[in-house]
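Read the structure below first, then the notes.
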Protein chains: 2
Amino acid sequence: MTTLSPSGPVAGQRKVRRATMNDVARLAGVSIKTVSRVVNDEPGVHPSTAERVLAAIDQLGFRRNLSARNLRRGSSTGTIGLVLEDVGNPFYSGVTRAVEEIARLRGRQVISGSSDEDPGRERELALEFCSRRVDGLLIVPAGLQHSYLVPEMRAGTPVVFLDRPAGDVVADTVLVDNIGGTVEAVTHLASHGHRRIAFLGDAPDIFTANERLRGYREGCVRAGIGYHEELVAMGPHDESSVATTLQRLQSIREPATAVVAGNNRITVHILRALAGTAERPALVGFDDFELADLLSPPVTVIAHDASALGKAATDLLFARLDGDNSPPRRVVLPVRLVPRGSGEVHA
Amino acid sequence: MTTLSPSGPVAGQRKVRRATMNDVARLAGVSIKTVSRVVNDEPGVHPSTAERVLAAIDQLGFRRNLSARNLRRGSSTGTIGLVLEDVGNPFYSGVTRAVEEIARLRGRQVISGSSDEDPGRERELALEFCSRRVDGLLIVPAGLQHSYLVPEMRAGTPVVFLDRPAGDVVADTVLVDNIGGTVEAVTHLASHGHRRIAFLGDAPDIFTANERLRGYREGCVRAGIGYHEELVAMGPHDESSVATTLQRLQSIREPATAVVAGNNRITVHILRALAGTAERPALVGFDDFELADLLSPPVTVIAHDASALGKAATDLLFARLDGDNSPPRRVVLPVRLVPRGSGEVHA
DNA sequence: CTGGTCACGGACAGCGTTGTCAGCTCGAGG
DNA sequence: CCTCGAGCTGACAACGCTGTCCGTGACCAG
């Protein structure tokens, strides 16, 4: 890391007090209310007056204080809060982007934070956002306790849960068809002759992980290949534990010939563990990811759309803000199997 | 998309007025000031009084209004603004994550927005954040005009530019070593025998694209293979135009045997265009990306760390908030070439 | 010239909170 | 008994802005 000092003038000297409407009014020789009118494009100001005011605003670099405005007006702060698991995860950054997009169209700013799967952190973020009086809240739940939100909801802050349902409050929720997805994955693999299909999922206390496991089980039963405890591993999270698990699955008495991965990170860990291995099991991953089609073999996935999820949730939120007070809805977005090769390997 | 109605009680009835400190004070039988003291953990409140107040807070679901607090206190709003190009891009979502992380440690919330490379949008976002009186601003510049920030900087809002420098204000800036990176890429390819090395970059009005082009040129000269206009293409942005460009580069009189890609998106477009092609040029991409090591051949890249960029910029910002008023700094983060195979193909 | 309307500008209060400062009670010390 | 300080509590103003409401002067009809 190198550090260079620039030459030339420095833009900021030191701490000039910020101009207020009062300063603008004084400079323009009008009352503060007139400045307010100009700033808010209210009618009833003579053009020449308005011009003087605008000149003063420009000269002083005035920027109205939204804290004061929001306090006074009491209604909308023009912000919505987004609590997710990790912005760094491409799936959630896709969600974030979609949320931002729609919020922008509706003149709102997005405040977001990552819970890192920590319920305490989720709560902290959500309540912090409430203190800032966000107009609405989008939450990817980390925990199962959401009664802390009841006072906020009662006070009129709409809340939409996405990707996972809330634990103990009834509220709008947008999910993807987790069960249907893994059912389809197993069906697909079975139709290619696999009878020993393993499932590698996240910790089972995570809603999506559990649902996907249920789908896997149902898929196995439907395909007539039965559900076998020893083919399931929930929880392996990092690369090495995934590798170990894979080895085990391939060295048991009747080894797995195919694997269903419970989410995008697990899929990637599996791919890395498999790299350079001769004996590759067939693979179907939950969540699509960039470049899946360029790997060899290309990776078959259960795809669902991060931006569709974000959009559906945000649309729901804005419907509430627009006054929709019908009973809470639960929206389930479809998933689709994208066959690319890795799941079409014959047993 | 299916919609289900849940059973059970609905958490939020309708619009109860939000409790204020006054309500809490009345219920607890104390003055509003005492409530304030309890909420702010100020000393000098009798434990039993505090308990009464806390009970009232709980009963009413009181949550203090930060707009009012910020207005009254005038100092920090506990927020920092982040303007980037697109949160959906994994590179920037990595930056976002790092910023969030450090902000969290310092008790700040992050408000972010995507400019989509539109200078007007960048300005709008930055000024909106200023209206919200963010404590500091992190900006990935979309344009070259930043004098609009001068009043804000003068008023004491520190600004740090990242990834690209500002156009016309002198301020803290964190960059990566773009020139060094492409010099190294070209050197690497030349050392493997390539003499016809092409460069595919972003539009040349983007700072990083231009710098990388400069590095490419310098690398060519240093490697003694000369700079050839016809081997450079700036601007192709989508998959099809990249494919067309590649075809052209491979069908000219002395075809390119190697390509340097100007950023991660271009690298991916190239990979896709090349998929299934027999005659693959050697490739070095700027920006690392997930799974680059699992492609065949694995992709050699100029790697730099999104989180290092975010961290450096945020650290700089907080140093300013802590009172550092030394002259603006320009920090250049190193890049490193990660050889993986695609750049080691012999000509 | 008068009375009424209209366009414009301004005084004032108050949003929910916190900083200042003053008051009150209680017990120890004189 | 009074004094004094420590410990606790509260009254009040003010942060920057906007909604309400009133005042002023211009203009026009009668």
Side-chain angles (χ1 to χ4, degrees), chain A residues 16-54 56-57 60-78 128 130-134 151 155-156, chain B residues 16-54 56-57 60-78 128 130-134 151-152 155-157:
Chain A
V16 180
R17 194 180 57 87
R18 219 173 246 283
T20 72
M21 279 195 179
N22 246 314
D23 302 323
V24 175
R26 205 172 313 123
L27 181 60
V30 298
S31 88
I32 181 180
K33 179 70 225 201
T34 299
V35 177
S36 170
R37 277 198 265 261
V38 172
V39 168
N40 292 293
D41 277 325
E42 282 172 33
V45 178
H46 193 92
S48 72
T49 310
E51 201 167 332
R52 263 194 354 267
V53 171
L54 287 173
I57 286 176
L60 295 174
F62 167 78
R63 183 104 24 227
R64 84 156 163 246
N65 184 328
L66 281 181
S67 285
R69 172 175 225 253
N70 293 334
L71 176 59
R72 175 63 237 242
R73 314 225 323 171
S75 52
S76 159
T77 58
E128 164 81 24
C130 288
S131 280
R132 295 192 185 280
R133 297 293 185 269
V134 291
Chain B
V16 179
R17 193 181 57 86
R18 218 174 247 283
T20 71
M21 280 194 179
N22 247 312
D23 302 323
V24 175
R26 205 171 313 122
L27 181 59
V30 298
S31 84
I32 182 181
K33 178 69 224 198
T34 298
V35 177
S36 170
R37 276 197 267 262
V38 171
V39 169
N40 292 291
D41 277 325
E42 282 172 31
V45 178
H46 193 92
S48 71
T49 311
E51 202 168 330
R52 262 190 2 263
V53 171
L54 287 173
I57 286 177
L60 295 174
F62 167 78
R63 185 103 25 226
R64 81 156 165 248
N65 184 327
L66 282 181
S67 286
R69 172 174 225 250
N70 292 334
L71 174 60
R72 175 62 237 241
R73 314 224 324 172
S75 53
S76 159
T77 57
E128 164 81 24
C130 288
S131 278
R132 295 192 186 278
R133 297 292 186 269
V134 291
E152 310 304 328
T157 307

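Just so it is clear, the values below take in all heavy atoms, side chains as well, and ignore hydrogens, waters and symmetry mates. Quick note on labels: first sequence line is chain A, next is B, and so on, each numbered from 1.
Residue Arg73(B) has a polar side-chain atom (N or O) positioned under 4.0 Å from OP1 or OP2 of dG19(C). Note on Thr20(B): every side-chain N or O is 4.0 Å or more away from OP1 and OP2 of dG16(C).
Atom NE2 of His46(B) and atom P of dT25(C) are 16 Å apart (whole Å). Between the CZ atom of Arg18(B) and the C1' atom of dC15(C) there is a distance of 15 Å, given to the nearest Å. Taking atom CZ of residue Phe62(B) and atom P of nucleotide dG16(C), one finds them 10 Å apart after rounding to whole Å. Atoms CE (Met21(A)) and P (dA11(C)) sit 16 Å apart, rounded to a whole Å. Distance CZ (Arg132(A)) to C1' (dT17(C)): 15 Å, rounded to an integer number of Å. Protein atom CZ of Arg63(B) is 12 Å distant from nucleotide atom P of dT17(C), rounded to whole Å. To the nearest angstrom, C1' of dG9(C) lies 13 Å from CD of Glu42(A). Between the C1' atom of dT17(C) and the CZ atom of Arg69(A) lies a distance of 20 Å, rounded to the nearest Å.
Among the heavy atoms of the strands lying under 4.0 Å from Arg64(B) are primed sugar atoms or P, OP1, OP2 only; no base atom is included. Ser36(B) comes within 4.0 angstrom of a base, heavy atoms only. Within the 4.0 angstrom heavy-atom criterion, no nucleotide atom of any strand lies near Ser67(A). Counting non-hydrogen atoms under 4.0 angstrom, Asn40(A) reaches the backbone sugars and phosphates but no base. Within the 4.0 angstrom heavy-atom criterion, no nucleotide atom of any strand lies near Gly74(B). Val39(B) comes within 4.0 angstrom of no nucleic acid atom, judged by non-hydrogen atoms across all strands.
Position along DNA chain D of the nearest nucleotide to Lys33(A) versus Ile32(B) favours Ile32(B) as the more 5'-ward residue.
Using a 4.0 Å cutoff to heavy atoms of chain B, the contacted part of DNA chain D runs 5' to 3' from dC8(D) to dG16(D).
Using modelled atom types, no side-chain atom of Ser67(B) and backbone atom of Leu71(A) make a donor-acceptor pair closer than 3.5 Å. A distance-only check finds a donor-acceptor pair linking the side chain of Arg52(A) to the backbone of Ala28(A) [under 3.5 Å].
With a 4.5 Å cut-off on side-chain heavy atoms, Arg133(A) and Leu66(B) do not count as touching.
When the options Thr34(B), Val53(B), Val30(B) are evaluated for a side chain to side chain contact (heavy atoms under 4.5 Å, CB included) with Val45(B), the one that passes is Thr34(B).
Atom CD of Glu42(A) is surrounded by more than 12 heavy atoms from other residues, nucleotides or ligands within 6.0 Å.
Between Asp23(B) and Arg18(B) there is no salt bridge, since no side-chain nitrogen of the basic residue lies less than 4.0 Å from a carboxylate oxygen of the acidic one.
Side-chain atoms of Arg72(B) come within donor-acceptor range of the base of dT18(C), with a qualifying N/O pair under 3.5 Å.
Once rounded to the nearest 0.5 Å, the distance linking CD1 of Ile32(B) with CG of Asn22(B) reads 4.5 Å. Taking CZ of Arg132(B) as the reference point, atom CZ of Arg63(A) lies at 13.5 Å (rounded to 0.5 Å).
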